[in-house]
Amino acid sequence: MKGKFITVEGPEGAGKTTVIKNIEMDLLRLGYDVLLTREPGGIDIAEKIRHIILNPSHTTMDSRTEALLYAAARRQHLIEKVLPALEDNKVVICDRFIDSSLAYQGYARGLGIDEVWSINQFAIGDMMPDCTLFFDINPAAGLMRIAQNEGREVNRLDLEGNSFHERVYEGYQQLIQRFPERIKVIDASRSIQDVEKQVLAVITGIINDA
Ligand code: TMP
């Protein structure tokens, strides 16, 4: 694979989506060929699956169904969009990937990190990211931020209680310990400009193989 595959992770309200939109502009200005995409979604079939998973009225959805739907959306998005872009030598920045499933479904829903890992291996094979940025913010502070952001869509997982979001954060901490080489921690409690600077430094380092 010729391009670079970078994923961005974090609890709700960590600001990753806003920051990486700005980073995309910065990288384009610097002359890099960048593709910014997101999970679940990024292509028609996966956006439809996103709509099913995140619909707040789907209150009866079973946790394993949820994990399988995320994995299905991931597979289709990988095949249709991410792999062709990497073949094309692009820098692919993906807002969430497998670590979200490991933290949210594996750890916070209690399905087991290893169990969720195995269904995701079926979905993605060995296509792990070159680097993952974890936007580190205290989950309560993140939830406060999204409560203040009136324009944001409220999805089914946002409606979970604080203890669920605390567990998501703990799940990510376990993943950081498991994959210290791949996962870089970004202090997302700082100002947007400061977070952007940290992210741009890491990403240009990865692109240039520093
Ligand atoms: P977003 O708000 O960052 O677009 O993500 C949508 C929601 O889906 C968010 O609450 C995190 C959740 N999610 C999972 O639970 N598992 C996954 O595998 C992914 C990709 C997202």
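Atoms within each ligand, like the ligands themselves, are counted from 1 in listed order.
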(request) Please check if any side-chain donor atom of Arg74 sits under 3.5 Å from a side-chain acceptor atom of Ser101, or the reverse. (result) yes
(request) Under the side-chain hydrogen bond (donor to acceptor under 3.5 Å, both in side chains) rule, what do Tyr70 and Asn120 come out as? Steps first, then yes or no, please. (result) CA-CA 9 Å; Tyr70 277 117; Asn120 274 276; over 6 Å; no
(request) Considering the heavy atoms of Lys16, write down every atom of ligand 1 situated less than 4.0 Å from one of them. (result) 3 (O)
(message) Just by distance, no angles: are the side chains of Glu9 and Tyr172 close enough, under 3.5 Å, to form a donor-acceptor pair?
(response) yes
(request) Please write down residue, atom name and distance for the protein heavy atom closest to atom 2 (O) of ligand 1. (result) Arg152 NH2, 3.6 Å
(message) So that I can tick it off, tell me whether Arg64 and Glu115 are bridged by a salt bridge, with the cut-off set at under 4.0 angstrom between side-chain N and carboxylate O.
(response) no
(request) Please could you name the atoms of ligand 1 that Ser100 approaches to less than 4.0 Å, counting only its heavy atoms? (result) 16 (N), 17 (C), 18 (O), 19 (C), 20 (C), 21 (C)
(message) Given Ser101, Ala46, Ala108, identify the one with the heavy atom nearest to atom 18 (O) of ligand 1.
(response) Ser101
(message) I need the nearest protein heavy-atom contact for atom 9 (C) of ligand 1: residue, atom name and distance, please.
(response) Glu12 OE2, 3.5 Å
(message) Which residue and atom name correspond to the protein heavy atom nearest atom 4 (O) of ligand 1, and how close is it?
(response) Arg50 NH2, 3.0 Å
(message) One residue to check: Glu66. Relative to ligand 1, which of side chain, backbone, both or neither has a non-hydrogen atom less than 4.0 Å away?
(response) neither
(message) Please determine whether a side-chain nitrogen of the Lys or Arg among Glu196 and Arg190 lies less than 4.0 Å from a carboxylate oxygen of the Asp or Glu.
(response) no
(request) Between Tyr70, Phe164, Phe97, Tyr104, flag the one that comes closest to atom 13 (N) of ligand 1 by a heavy atom. (result) Tyr70
(message) Between Asp88 and Lys90, does any NZ, NE, NH1 or NH2 come within less than 4.0 Å of an OD or OE carboxylate oxygen?
(response) yes
(message) Checking side-chain polar atoms at under 3.5 Å, does Tyr104 have a donor or acceptor matched by the opposite partner on Arg96?
(response) yes
(message) Heavy-atom distances under 4.0 Å decide this one: backbone, side chain, both or neither, for Leu54 against ligand 1?
(response) side chain
(message) Measuring from atom 16 (N) of ligand 1, which candidate in Arg74, Gln105, His77 has the nearest non-hydrogen atom?
(response) Gln105
(message) I need the nearest protein heavy-atom contact for atom 3 (O) of ligand 1: residue, atom name and distance, please.
(response) Arg96 NE, 2.7 Å
(message) Can you tell whether the side chains of Lys197 and Asp194 come within less than 4.0 Å, N to carboxylate O?
(response) no
